[in-house]
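The next block holds one structure in the form of structure tokens; read it before the comments.
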Amino acid sequence: MSQWACVSAANLSCQASIINTQKLRNTPRCDAFSFKGSEFMAQSCRFLSPQAIHGRPRNGACPLKVVCVDYPRPDLDNTANFLEAAYFSSTFRASPRPAKPLKVVIAGAGLAGLATAKYLADAGHKPILLEARDVLGGKVAAWKDKDGDWYETGLHIFFGAYPNIQNLFGELGIDDRLQWKEHSMIFAMPNKPGEFSRFDFPEVLPAPLNGIWAILKNNEMLTWPEKIKFAIGLLPAILGGQAYVEAQDGLSVKDWMRKQGIPDRVTTEVFIAMSKALNFINPDELSMQCILIALNRFLQEKHGSKMAFLDGSPPERLCAPIVDHIQSLGGEVRINSRIQKIELNNDGTVKSFVLNNGSMIEADAYVFATPVDILKLLLPDNWKEIPYFKKLKKLVGVPVINVHIWFDRKLKNTYDHLLFSRSPLLSVYADMSVTCKEYYNPNQSMLELVFAPAEEWISCSDSEIIDATLKELAKLFPDEIAADQSKAKILKYHVVKTPRSVYKTVPDCEPCRPLQRSPLEGFYLAGDYTKQKYLASMEGAVLSGKLCAQAIVQDYELLVARGQTRLAEASVR
């Protein structure tokens with residue numbers, strides 16, 4: 001069987017526990033998990049040179065000295081999208097305090113579930129957030145190995161064009177945990193191994209002039225005739241606005257480019273890398289709507305494409321503060337609480353969530369904030385033909401692999417930034433020993449790389465994946481890395497496989513994305529696959545949670561009346 005099948009067998013028994021974020025912060029771990037023997041995630045690790053690993057200074061052994069330079073937080077607070085998101089957040093805090101707070105059970109403590117619980121708590125309600133595993137974050141989860149080094153589900157970038165994420169950081173008082181980088185996009189040059197091409201966005205120009213300038217100044221990737229044809233091809237999207245963008249959902253990136261008369265080399269040079277970064281698939285599969293939404297955000301907002309790294313692991317530096325906030329307002333977050341079944345009433349509405357340990361949780365409202373593939377596994381049979389749920393069949397998570405490699409030396413051919421590899425096997429990568437304060441190491445590099453598209457590799461062994469990765473790295477670091485390790489040596493590595501990650505944004509998916517309020521009274525959905533304008537992203541997950549919380553708050557009177565009816569029926573029996 002595949003490596004994934006082997007790792008799945010390592011699931012732990014699930015005993016529910018109330019989360020203690022301080023304990024979670026201090027507990028090292030290197031375990032393997034999956035969703036009920038199926039498709040959520042697998043991690044594995046290999047330690048190759050124990051002496052070298054234990055011989056280097058550990059975090060905390062000496063004061064942290066970060067030599068990389070972070071940039072000031074950009075001026076986001078006065079942009080229209082930021083203000084819109086800020087107002088949305090304020091509506092929860094300003095809503096009338098409920099006479100009877102709703103008890104809302106939420107399955108899944110990824111960003112969508114955490115956001116749903118956070119904003120419901122802000123509105124005065126009592127969320128109970130259930131997480132199947134013993135780690136928070138869902139698709140931004142991370143783990144510590146036996147040496148205290150973190151390894152993550154993915155390489156997560158926080159853009160200036162993420163207004164709900166940026167507001168969330170501000171509401172939690174953790175803006176300083178984002179490490180902003182220079183406003184550039186940096187691409188490797190496959191035809192010139194070891195060299196890079198940059199798109200630098202000048203600070204002095206407003207949007208979209210800063211983006212246009214960045215494109216015009218780069219003469220290494222596109223010729224002037226190609227730039228002109230690309231600009232002409234984009235005119236309908238610029239003039240047609242959101243309506244035009246949504247109408248392109250039926251075309252792949254490759255098909256749209258050809259339809260607009262844009263040379264194939266533009267797709268090869270720029271949009272293979274962009275497609276893989278956005279959705280882990282190639283432009284012959286990705287819906288053009290996804291690209292146009294990203295371009296719109298990046299070109300219409302001055303700091304839209306400016307990137308930041310989190311200064312440490314997402315569970316500690318982002319998820320834990322959200323949990324603290326929820327608990328401070330009377331909500332609960334429970335780990336090791338896996339949903340086994342959705343129990344129904346006679347009318348088809350939800351009666352309770354049944355957990356793996358046999359316990360049942362009843363509530364005034366129920367939310368599923370898991371990935372869409374997990375929801376489909378647990379859908380009750382008599383829901384499957386309801387059009388709202390039937391359309392979910394087309395939404396399928398895309399496989400992705402995240403690779404972490406610790407080397408015995410400091411690599412020189414890199415930047416304090418996200419890098420687009422333009423490799424056929426790799427998407428983006430970063431030297432996390434430079435870009436992230438908690439992972440900083442002045443003597444040794446740790447490369448974190450997204451291996452995508454991963455469909456043909458997800459069942460391969462870790463050693464096969466590492467061997468393939470090294471061959472690609474030899475092209476990116478020709479003077480420092482060799483496939484046979486005759487140059488830089490690997491000290492250890494971790495491979496994190498996610499066979500079902502964000503939903504695969506292929507053409508004609510948009511009509512299948514559900515609204516957060518289901519047709520079944522008292523049942524709601526949250527997740528980046530649900531209907532919201534940021535598609536499959538961290539921003540989309542957080543926005544979906546806010547929309548879900550909004551729907552529940554709006555339904556307050558209905559949900560209270562429903563609860564009273566159920567109570568009356570129970571007393572008659």
Side-chain angles (χ1 to χ4, degrees), residues 159 161 183-193 195-202 205 207-241 244-301 304-305 307 418-429 450 452-453 472 475-476 505-507 535:
F159 286 98
H183 198 171
S184 302
M185 289 188 171
I186 306 172
F187 291 76
M189 299 291 287
N191 57 331
K192 298 178 182 179
E195 295 186 22
F196 297 87
S197 181
R198 299 170 60 102
F199 292 86
D200 295 314
F201 295 72
L205 293 178
L209 295 180
N210 63 341
I212 294 171
W213 180 264
I215 294 170
L216 294 180
K217 285 288 287 182
N218 183 298
N219 294 316
E220 296 160 317
M221 291 175 65
L222 298 179
T223 65
W224 274 97
E226 288 167 343
K227 292 176 186 178
I228 292 169
K229 289 181 179 178
F230 178 44
I232 293 172
L234 274 180
L235 279 177
I238 295 170
L239 299 175
Y244 177 87
V245 170
E246 292 181 2
Q248 306 316 300
D249 177 54
L251 292 173
S252 71
V253 175
K254 189 174 182 179
D255 289 342
W256 185 89
M257 294 286 183
R258 288 179 173 174
K259 177 173 173 280
Q260 298 301 112
I262 299 171
D264 283 350
R265 215 180 77 84
V266 175
T267 303
T268 302
E269 291 294 298
V270 178
F271 287 99
I272 289 179
M274 195 169 180
S275 298
K276 289 165 65 171
L278 287 171
N279 199 238
F280 312 128
I281 57 178
N282 281 316
D284 57 341
E285 288 189 281
L286 183 67
S287 167
M288 188 61 195
Q289 182 194 30
C290 185
I291 292 285
L292 291 175
I293 286 174
L295 287 176
N296 180 52
R297 299 296 171 194
F298 291 167
L299 291 176
Q300 297 303 321
E301 300 177 29
S305 57
M307 304 180 208
L418 180 77
L419 302 172
F420 293 82
S421 74
R422 299 177 72 205
S423 152
L425 294 182
L426 304 177
S427 173
V428 292
Y429 69 99
V450 179
E472 296 304 311
K475 302 170 189 175
L476 296 168
T505 314
V506 296
L535 302 181

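Hydrogens, waters and symmetry mates play no part in the numbers below; they use all other heavy atoms, side chains included.
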Which is it for Met185 and Ser305 under the side chain to side chain contact (heavy atoms under 4.5 Å, CB included) test, yes or no, and what are the steps along the way? CA-CA 8 Å; Met185 289 188 171; Ser305 57; 3.7 Å; yes
Working note: Leu426 + Val450, criterion side chain to side chain contact (heavy atoms under 4.5 Å, CB included); need CA distance, chi angles, decisive distance, verdict. CA-CA 6 Å; Leu426 304 177; Val450 179; over 6 Å; no
Taking it one step at a time, do Phe201 and Ser184 satisfy side chain to side chain contact (heavy atoms under 4.5 Å, CB included)? CA-CA 6 Å; Phe201 295 72; Ser184 302; 5.6 Å; no
Apply side chain to side chain donor-acceptor pair (under 3.5 Å) to residues Asn282 and Ser275 and explain how you reach the verdict. CA-CA 6 Å; Asn282 281 316; Ser275 298; over 6 Å; no
The test is side chain to side chain contact (heavy atoms under 4.5 Å, CB included); show your working for Tyr244 and Leu292 and say whether it passes. CA-CA 9 Å; Tyr244 177 87; Leu292 291 175; 4.2 Å; yes
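Using a cutoff of 4.0 Å between basic side-chain nitrogens and carboxylate oxygens, Asp200 and Lys217 are not scored as salt-bridged.
Of the options Lys227, Arg265, Arg422, a side-chain contact (heavy atoms from CB on, under 4.5 Å) to Met221 is made by Arg422 and by none of the others.
Other residues, nucleotides and ligands place no more than 12 heavy atoms under 6.0 Å from the NZ atom of Lys229.
Annotation: the span from Leu251 atom CG to Ile291 atom CD1 amounts to 13.0 Å, rounded to 0.5 Å. The line from CD1 of Ile186 to CG of Leu419 is 5.5 Å long, rounded to the nearest 0.5 Å. Distance check: Gln248 CD to Gln289 CD gives 9.0 Å after rounding to the nearest 0.5 Å. Distance check, rounded to the nearest 0.5 Å: CG of Leu286 to CD1 of Ile281 gives 4.5 Å. Annotation: the span from Thr268 atom OG1 to Met257 atom CE amounts to 10.5 Å, rounded to 0.5 Å. To the nearest 0.5 Å, the span separating CZ on Phe280 from CD on Glu285 amounts to 13.5 Å.
Across every non-hydrogen atom of Ala207 and Leu299, the tightest pair is CB-O, 3.3 Å. For the residue pair Leu234 and Trp256, the shortest heavy atom distance occurs at CD2-CH2, 3.9 Å. Listed here is the closest heavy atom pair of Asn210 and Leu205: CB-O, 3.6 Å. Nearest approach of Gly233 to Pro236, heavy atoms of both residues: O-CD, 3.2 Å.
Looking only at distances, a side-chain donor or acceptor of Glu226 sits under 3.5 Å from a matching main-chain atom of Thr223. Looking at Lys276, its side chain does come within 3.5 Å of a backbone N or O of Ala452 through a donor-acceptor pair. Looking at Ser421, its side chain does come within 3.5 Å of a backbone N or O of Ser427 through a donor-acceptor pair. Side-chain atoms of Asp249 do not come within 3.5 Å of backbone N or O of Pro507 as any donor-acceptor pair.
The six-membered or imidazole ring of Phe420 lies away from that of Tyr429, with a centre-to-centre distance of 6.0 Å or more.
In this pair, Phe230 and Phe271 present their aromatic rings perpendicular. The plane angle is above 60°, beyond the 30 to 60° band. By the 30° and 60° cut-offs, the orientation of the rings of Phe159 relative to Phe298 is tilted.
Side chain to side chain, Asp284 and Ser252 fail the donor-acceptor criterion of an N or O pair below 3.5 Å.
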